[in-house]
2 protein chains.
Amino acid sequence: MNNLNIYKEKLRESGLRPTRQRLKICEALFSPKETFHFTINDLSKIIEEKLDEKISLATVYNTVHAFKKNGYLKEIVIATDKSYFDTNTGTHSHFFDIKNKELIDINQVDLKDIPNPPTGKKIKNIDVIINVESE
Amino acid sequence: MNNLNIYKEKLRESGLRPTRQRLKICEALFSPKETFHFTINDLSKIIEEKLDEKISLATVYNTVHAFKKNGYLKEIVIATDKSYFDTNTGTHSHFFDIKNKELIDINQVDLKDIPNPPTGKKIKNIDVIINVESE
DNA sequence: CAAGTAGTTTAGAATAATTATAAAGTAATT
DNA sequence: AATTACTTTATAATTATTCTAAACTACTTG
Ligand SMILES: [Mn+2]
Ligand SMILES: [Mn+2]
Ligand SMILES: [Zn+2]
Ligand SMILES: [Zn+2]
């Protein structure tokens, strides 16, 4: 299955029609050999500069959120004023360089003990961010 | 040492003069027997409704940030569009109820192994958030 | 204490990320 | 080809936060 069909499949799975804009977004997100972390603005720039297409921000936001909801992207919560996303959807943890605002993948960090959640609540997921800075 | 002097001390330590507004903020933050989590807006409302004083948002932001910088408050990073702070400055971890946007303190969760940071970077702190939801 | 100055408060403006809107455009179905 | 449902877009709205500069106040000093 070639890339184009993989993109169409992911879109279909996410309940989205394969439009020209969405396929470009897929190309930006899923064609690189290595996974990567990005903000909406990063992604928008990549599409504009490398893929030579200008897509409205609303469409980028909508598509990224749809992919997140359907598990093709993850959101990484860090101490910053903008949202970061990750094309690496496998279970893993992160270093976060506070100064450069850069995320670095690491193998999943396991906890010694997982505490029991309050009655009536169940654990959805656990976020571990190791904040680092240049010395 | 009475509360008032404790507040003045914290302010002095933070390089801030003990103004009427800042002392009210201290009262809201440090007089409760139990520590608590709050947003700037929460804090502003507490001061307005319970302490009967209207303080401009700029002052609340400035004072909270000064206290954070000086270790009298911590900021908790969670998946939300606003900043959360904590009057519990001891080392501890959190459950975060995604639906209610509520933080719950738990004992510090230890990691099985702390990964080595990339060369030239050192660990500043580690954030662990256990996201939960009502079942 | 009076005056000087350095720091503070405030309302309102500015900024910035994100979301909402609604008109024009496109993909899918018949 | 026509119809329908979905999509894109420019633009406005929203919201948290930061900035600004004028009025105000705490502190120091004579
Ligand atoms: Mn935001
Ligand atoms: Mn923000
Ligand atoms: Zn990652
Ligand atoms: Zn806490």
Side-chain angles (χ1 to χ4, degrees), chain A residues 4-5 7-28 37-48 51-70 73 75-85 101, chain B residues 4-5 7-29 37-48 51-70 73 75-85 101 103:
Chain A
L4 183 63
N5 284 327
Y7 303 158
K8 286 184 173 171
E9 177 64 15
K10 285 185 204 256
L11 287 167
R12 208 175 46 69
E13 280 288 321
S14 305
L16 300 175
R17 288 179 180 175
T19 63
R20 170 189 174 83
Q21 292 83 348
R22 288 174 179 157
L23 288 167
K24 280 285 179 182
I25 292 171
C26 284
E27 191 182 343
H37 306 102
F38 65 93
T39 65
I40 293 289
N41 205 49
D42 294 338
L43 179 56
S44 206
K45 278 221 184 68
I46 290 168
I47 294 166
E48 196 168 337
L51 306 184
D52 206 44
E53 176 112 12
K54 177 79 186 63
I55 301 177
S56 82
L57 271 183
T59 296
V60 180
Y61 272 103
N62 290 340
T63 306
V64 165
H65 285 150
F67 278 146
K68 178 193 166 190
K69 179 153 63 153
N70 289 279
L73 290 176
E75 184 163 2
I76 310 300
V77 176
I78 48 186
T80 174
D81 51 340
K82 50 194 102 166
S83 294
Y84 278 70
F85 297 89
K101 302 206 185 311
Chain B
L4 183 62
N5 284 326
Y7 303 158
K8 286 186 173 169
E9 177 64 13
K10 286 184 204 251
L11 286 167
R12 210 176 43 70
E13 281 287 321
S14 307
L16 301 175
R17 288 181 179 174
T19 62
R20 170 189 175 83
Q21 292 84 346
R22 287 173 180 157
L23 288 168
K24 280 285 181 183
I25 292 171
C26 284
E27 192 182 342
L29 292 175
H37 306 102
F38 64 93
T39 65
I40 293 290
N41 206 50
D42 293 339
L43 180 56
S44 206
K45 278 222 185 67
I46 290 167
I47 293 166
E48 196 167 339
L51 305 184
D52 206 43
E53 177 113 13
K54 176 79 185 66
I55 301 177
S56 81
L57 272 182
T59 297
V60 180
Y61 272 103
N62 291 339
T63 306
V64 165
H65 285 149
F67 278 145
K68 178 192 165 189
K69 179 153 63 155
N70 290 279
L73 290 176
E75 185 165 1
I76 311 299
V77 176
I78 48 186
T80 174
D81 52 341
K82 50 194 102 168
S83 294
Y84 278 70
F85 297 89
K101 302 207 186 311
L103 281 162

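Order of the sequence lines fixes the chain letters, A, B, ..., with proteins taken first and strands second; residue numbering starts at 1 for each chain.
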Do NZ/NE/NH1/NH2 and the carboxylate oxygens of B:Arg12 and B:Glu9 come within less than 4.0 Å? yes
Residue pair B:Phe85 / B:His37, side-chain heavy-atom distance below 4.5 Å: no
Rounded to whole Å, the CG-C1' distance (B:Leu23 to C:dT8) equals 13 Å
Heavy-atom distance under 4.5 Å between the side chains of A:Lys82 and A:Lys101, does that happen here? no
If you check the B:Ser56 side chain, which of C:dA28, C:dT10, C:dT8 turns out closest? C:dT10
With a 3.5 Å distance limit and no angle check, can you tell me whether B:Lys24 reaches the backbone of B:Leu51 through a side-chain donor-acceptor pair? yes
Tell me, for nucleotides 12-24 of chain D in 5' to 3' order, what letter each nucleotide earns: B for a base near a protein heavy atom under 4.0 Å, S for only sugar-phosphate near one, - for neither? ----SBBB-----
OH (A:Tyr84) and CD1 (A:Ile76) are apart, to the nearest 0.5 Å, by 11.5 Å
Whole angstrom value for the distance that separates P of C:dG25 from CZ of A:Arg20: 15 Å
Taking only the side-chain heavy atoms of B:Gln21 (C-beta and beyond), determine which of C:dA28, D:dT8, C:dT9 contains the nearest atom. C:dT9
Quick one: does A:Leu23's side chain get under 4.5 Å of A:Lys8's, heavy atoms only? yes
Rounding to a whole Å, what distance do you find between A:Leu11:CG and D:dC6:P? 16 Å
How about B:Ser44 and B:Asn41: does a side-chain donor come under 3.5 Å of a side-chain acceptor? no
Through what angle, rounded to 10 degrees, does the axis of the helix from C:dC1-D:dG30 to C:dT30-D:dA1 turn between its ends, using five pairs per end? 20°
Specify the separation, in whole Å, of atom CD1 of A:Ile25 and atom P of D:dT8. 7 Å
Assign A:Arg22 to base, sugar-phosphate, or nothing according to its heavy-atom contacts below 4.0 angstrom with the strands shown. sugar-phosphate
Check the distance between D:dA10's C1' and A:Asn62's CG and give it to me in whole angstrom. 14 Å
Taking only residues two or more places apart in sequence or in another chain, which ones pass side-chain contact (heavy atoms from CB on, under 4.5 Å) with A:Thr59? A:Gln21, A:Ile25, A:Ile55, A:Ser56, A:Thr63
For D:dT8 and A:Thr19 - does any side-chain N or O of the residue sit under 4.0 Å from the phosphate oxygens OP1/OP2? yes
In whole angstrom, give the distance that lies between atom CZ of B:Arg17 and atom P of C:dT8. 6 Å
Can you list the steps and then say if B:Lys69 with B:Ser14 is a side chain to side chain contact (heavy atoms under 4.5 Å, CB included)? CA-CA 8 Å; B:Lys69 179 153 63 155; B:Ser14 307; over 6 Å; no
Between A:Lys8 (NZ) and C:dA27 (C1'), how many Å, whole number? 11 Å
